[in-house]
Asker: 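First the structure, then my questions, so here it is.
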Amino acid sequence: MRQELHRHLARFGQEHLLAGWDQLSPPEQACFAAELRALDLPLLQQLYLERTAEVLTDPVPPDPPELLPLPESVDDWQQFEDDRELGEQRLRGGRVAIVLVAGGQGSRLGHEGPKGTYPIGPITGRSLFHLHAEKVLALSRRHEQALPLAVMTSPENDAATRAFFEEKRWFGLEPGQVTFFTQGMLPALDAATGRILLAAPGQLALSPNGHGGVLLALRDAGLLDAWQQRGIEDVFYFQVDNPLVKIADPVFLGAHARTGSDVAVKVVRKVDPEERIGLVVRRRDGRHGVLEYSELPADWAQARASDGGLRLWAGSTAIHVFSLRFLQRLAQQRTVLPYHRALKAVTHLADPAPKCANAIKFEMFIFDTLPLAERVLVMETPRAEEFEPLKNAAGPYSPESVRAALVAEFARWIEHGGGQVRRDADGRPSVPLEISPLYALDAADLRG
């Protein structure tokens with residue numbers, strides 16, 4: 001077995017992976033051999049050779065996206081309500097599945113375990129998973145349809161995530177309503193040589209393949225085919241760190257169906273040129289795409305429109321609706337989405353304490369589906385109502401800011417229903433507030 005593996009790996013200059021082979025037990029050798037045979041070595045070689053490929057930047061900035069704006073006129077509101085009814089029909093008809101991407105850990109927040117287990121409820125300390133699951137449960141009850149929830153984990157947090165859901169009795173959902181699937185991993189490559197790094201003998205230095213890996217993971221888990229057989233047509237996608245997201249928003253679903261889009265994305269208005277958020281744009285080839293903040297030239301970031309606002313302002317929220325047909329088409333390809341390369345410091349067998357970035361990691365991003373789509377719907381949503389992701393221990397997008405955003409949202413709901421909320425001199429609610437999704441999903445629900 002060792003000789004056969006050596007010949008296979010040597011074709012791609014990776015025979016060093018067998019270092020320490022004799023230290024492994026026979027079961028460990030068999031497991032590692034299977035992992036090595038499963039590696040897509042031609043792809044890894046190609047990705048490494050392309051690492052220094054010249055990236056041609058168009059000197060002409062892209063345009064803002066074609067947009068479904070927030071309703072202002074009577075006609076806008078009528079379309080808004082028509083879309084809501086169409087979306088609710090699709091929910092009642094069992095045509096919608098929900099994907100929650102939750103592969104991250106809470107280490108940046110000083111939290112042990114999956115990020116989805118972080119306690120974020122302003123009063124109860126409900127976890128992110130708890131809030132999201134109760135929204136799905138409330139939607140299922142409202143539309144008399146057990147909406148399927150698929151949770152993408154990572155190898156690092158899969159067991160802990162499953163155990164958390166089981167411990168919490170699935171937050172009221174039926175166990176069969178929730179499916180867990182694991183995102184793929186890719187080896188880190190030595191930046192200087194392209195050799196795959198070993199974390200230890202018989203153990204590759206692996207990292208998640210990015211949130212764009214959800215497409216391959218859904219395919220490999222058999223979920224795309226299962227949903228097609230079940231009659232699912234739309235897939236609502238969101239990420240675990242944003243507790244404000246309107247899961248399976250009927251208006252969003254309805255607008256997606258009405259326009260026949262392959263993929264829909266919600267955007268929020270960027271007002272600070274320095275904000276680190278990807279921008280949805282209209283490219284020179286006429287297709288939509290996302291321009292990462294790290295790739296945004298300073299003059300483009302500062303450019304102003306005639307009304308004085310930022311010319312490129314459509315910040316991506318990572319909230320999407322996909323046509324299942326579109327996902328099936330993408331999943332048939334060998335390389336579903338392009339890989340992005342990042343230079344990182346990676347500990348490995350030959351260098352357990354690197355002092356600088358020594359390795360290349362590869363990731364796929366979900367927003368790279370936009371240029372592949374024939375029809376894209378870009379829909380604006382108010383930032384205060386739907387975008388405050390939990391990313392940092394302090395400052396913007398921190399537990400403090402997220403809880404404040406939740407309290408502000410609940411206060412608006414109460415006032416919309418005719419109630420009163422005590423506020424401080426700055427207009428912020430002066431008492432903590434929390435409304436369970438099982439009591440009300442939105443302002444109209446609460447008022448009723």
Side-chain angles (χ1 to χ4, degrees), residues 65-68 79 82-101 136 139 143 145 147-152 179 181 211-239 245-267 280 282-283 285-290 314 316-338 364-381:
E66 292 183 1
L67 186 73
L68 182 65
Q79 185 64 73
D82 290 347
D83 286 341
R84 183 195 303 279
E85 174 56 30
L86 179 55
E88 289 178 345
Q89 288 176 13
R90 299 183 80 76
L91 288 165
R92 289 193 298 269
R95 300 181 189 178
V96 180
I98 299 167
V99 171
L100 167 57
V101 174
V136 175
L139 282 166
H143 299 290
Q145 189 70 238
L147 301 172
L149 172 64
V151 182
M152 186 172 83
T179 304
F181 65 108
H211 46 70
V214 67
L215 304 185
L216 290 174
L218 284 170
R219 180 196 67 188
D220 295 343
L223 284 169
L224 297 181
D225 289 338
W227 286 342
Q228 185 177 36
Q229 293 171 9
R230 180 173 171 170
I232 298 294
E233 295 179 6
D234 304 322
V235 177
F236 182 89
Y237 165 103
F238 71 108
Q239 297 176 358
V245 63
K246 298 175 183 176
I247 297 175
D249 173 16
V251 177
F252 193 34
L253 290 168
H256 164 77
R258 171 175 57 84
T259 58
S261 65
D262 295 317
V263 55
V265 57
K266 282 191 176 181
V267 297
V280 179
R282 185 87 169 178
R283 308 188 321 183
D285 62 4
R287 292 183 176 267
H288 287 85
V290 170
S316 173
T317 61
I319 300 171
H320 295 279
V321 177
F322 294 98
S323 158
L324 181 61
R325 182 180 63 254
F326 175 61
L327 295 184
Q328 288 277 45
R329 176 168 66 81
L330 293 184
Q332 293 173 1
Q333 304 172 24
R334 176 174 174 266
T335 303
V336 176
L337 297 175
M364 291 181 285
F365 297 148
I366 192 65
F367 54 69
D368 283 326
T369 54
L370 269 65
L372 304 176
E374 295 301 323
R375 288 189 179 181
V376 174
L377 170 69
V378 184
M379 179 176 173
E380 184 180 0
T381 189

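Everything numeric here is computed off the predicted structure, so don't read it as measured data.
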Asker: Take Tyr237 and Met152 through the side chain to side chain contact (heavy atoms under 4.5 Å, CB included) test and state the conclusion after the steps.
Answerer: CA-CA 11 Å; Tyr237 165 103; Met152 186 172 83; over 6 Å; no
Asker: Could you work out, with side chain to side chain contact (heavy atoms under 4.5 Å, CB included) as the rule, every residue matching Arg282, not counting sequence neighbours?
Answerer: Asp63, Glu66, His288
Asker: Throw together a table of side-chain donor-acceptor distances under 3.5 angstrom for residues 369-376, partners on residues two or more places apart or in other chains.
Answerer:
unit_1, atom_1, unit_2, atom_2, d
Thr369, OG1, Ile366, O, 2.8
Glu374, OE2, Arg287, NH2, 3.1
Arg375, NH1, Thr259, O, 3.1

Asker: Heavy atoms, side chains only, cut-off 4.5 Å: are Phe238 and Ile247 in contact?
Answerer: yes
Asker: Looking at Leu224 and Ala331, what are the two nearest heavy atoms and their distance?
Answerer: CD1-CB, 3.8 Å
Asker: List the atom of His320, the atom of Val263, and the distance in Å for their closest heavy-atom pair.
Answerer: ND1-CG2, 3.9 Å
Asker: May I ask you to test the Phe322-Leu330 pair for a side-chain heavy-atom distance under 4.5 Å?
Answerer: no
Asker: Do Lys246 and Phe252 form a cation-pi contact, if we require the NZ or CZ to be under 6.0 Å from the six-membered ring centre and within 45 degrees of the ring's axis?
Answerer: no
Asker: With a 4.5 Å heavy-atom cut-off, do Met364 and Leu216 have their side chains touching?
Answerer: yes
Asker: Quick check: do Pro148 and Thr179 have side-chain heavy atoms less than 4.5 Å from each other?
Answerer: no
Asker: What are the two closest non-hydrogen atoms of Ala150 and Leu223, and how far apart are they?
Answerer: CB-CD1, 4.1 Å
Asker: Could you measure the distance from the CZ atom of Arg283 to the CG atom of Asp285? Nearest 0.5 Å is fine.
Answerer: 4.0 Å
Asker: Check side chain to side chain contact (heavy atoms under 4.5 Å, CB included) between Ala255 and all other residues, then give those that pass, not counting sequence neighbours.
Answerer: Leu68, Asp83, Arg258, Leu377
Asker: Could you tell me if the side chain of Val290 sits less than 4.5 Å from the side chain of Val265, heavy atoms only?
Answerer: no
Asker: Does any non-hydrogen side-chain atom of Phe181 lie less than 4.5 Å from one of Val214?
Answerer: yes
Asker: Is it the case that Gln89 and Glu85 place a side-chain donor and acceptor less than 3.5 Å from each other?
Answerer: yes
Asker: side-chain hydrogen bond (donor to acceptor under 3.5 Å, both in side chains) with Asp234: which of Arg90, Arg325, Arg95?
Answerer: Arg90
Asker: Mind checking whether Asp225 and Gln328 have side chains closer than 4.5 Å, heavy atoms only?
Answerer: yes
Asker: Please name the pair of heavy atoms, one in Glu88 and one in Pro250, separated by the smallest distance, quoted to 0.1 Å.
Answerer: CG-CB, 3.7 Å
Asker: What distance separates Ile319 CD1 from Thr381 OG1, expressed to the nearest 0.5 Å?
Answerer: 6.5 Å
Asker: Could you walk me through whether Val96 and His143 pass the side chain to side chain contact (heavy atoms under 4.5 Å, CB included) check?
Answerer: CA-CA 11 Å; Val96 180; His143 299 290; over 6 Å; no
Asker: Can you find a heavy atom in the side chain of Leu324 that is under 4.5 Å from one in the side chain of Glu233?
Answerer: no
Asker: What is the distance from atom CG of Leu147 to atom CD1 of Ile232, rounded to the nearest 0.5 Å?
Answerer: 8.0 Å
Asker: Quick check for you: to the nearest 0.5 Å, what is the distance between Trp227 atom CH2 and Arg230 atom CZ?
Answerer: 9.5 Å
Asker: Quick one: closest heavy-atom pair of Leu86 and Ala257, and the distance?
Answerer: CD2-CB, 3.9 Å
Asker: Identify the two heavy atoms, one from Ser261 and one from His256, that lie closest to each other, and give their separation to 0.1 Å.
Answerer: OG-ND1, 2.6 Å
Asker: Decide side chain to side chain contact (heavy atoms under 4.5 Å, CB included) for Phe236 and Leu139; before the verdict, give the C-alpha distance in whole Å, the side-chain angles of both, and the deciding distance to 0.1 Å.
Answerer: CA-CA 13 Å; Phe236 182 89; Leu139 282 166; over 6 Å; no
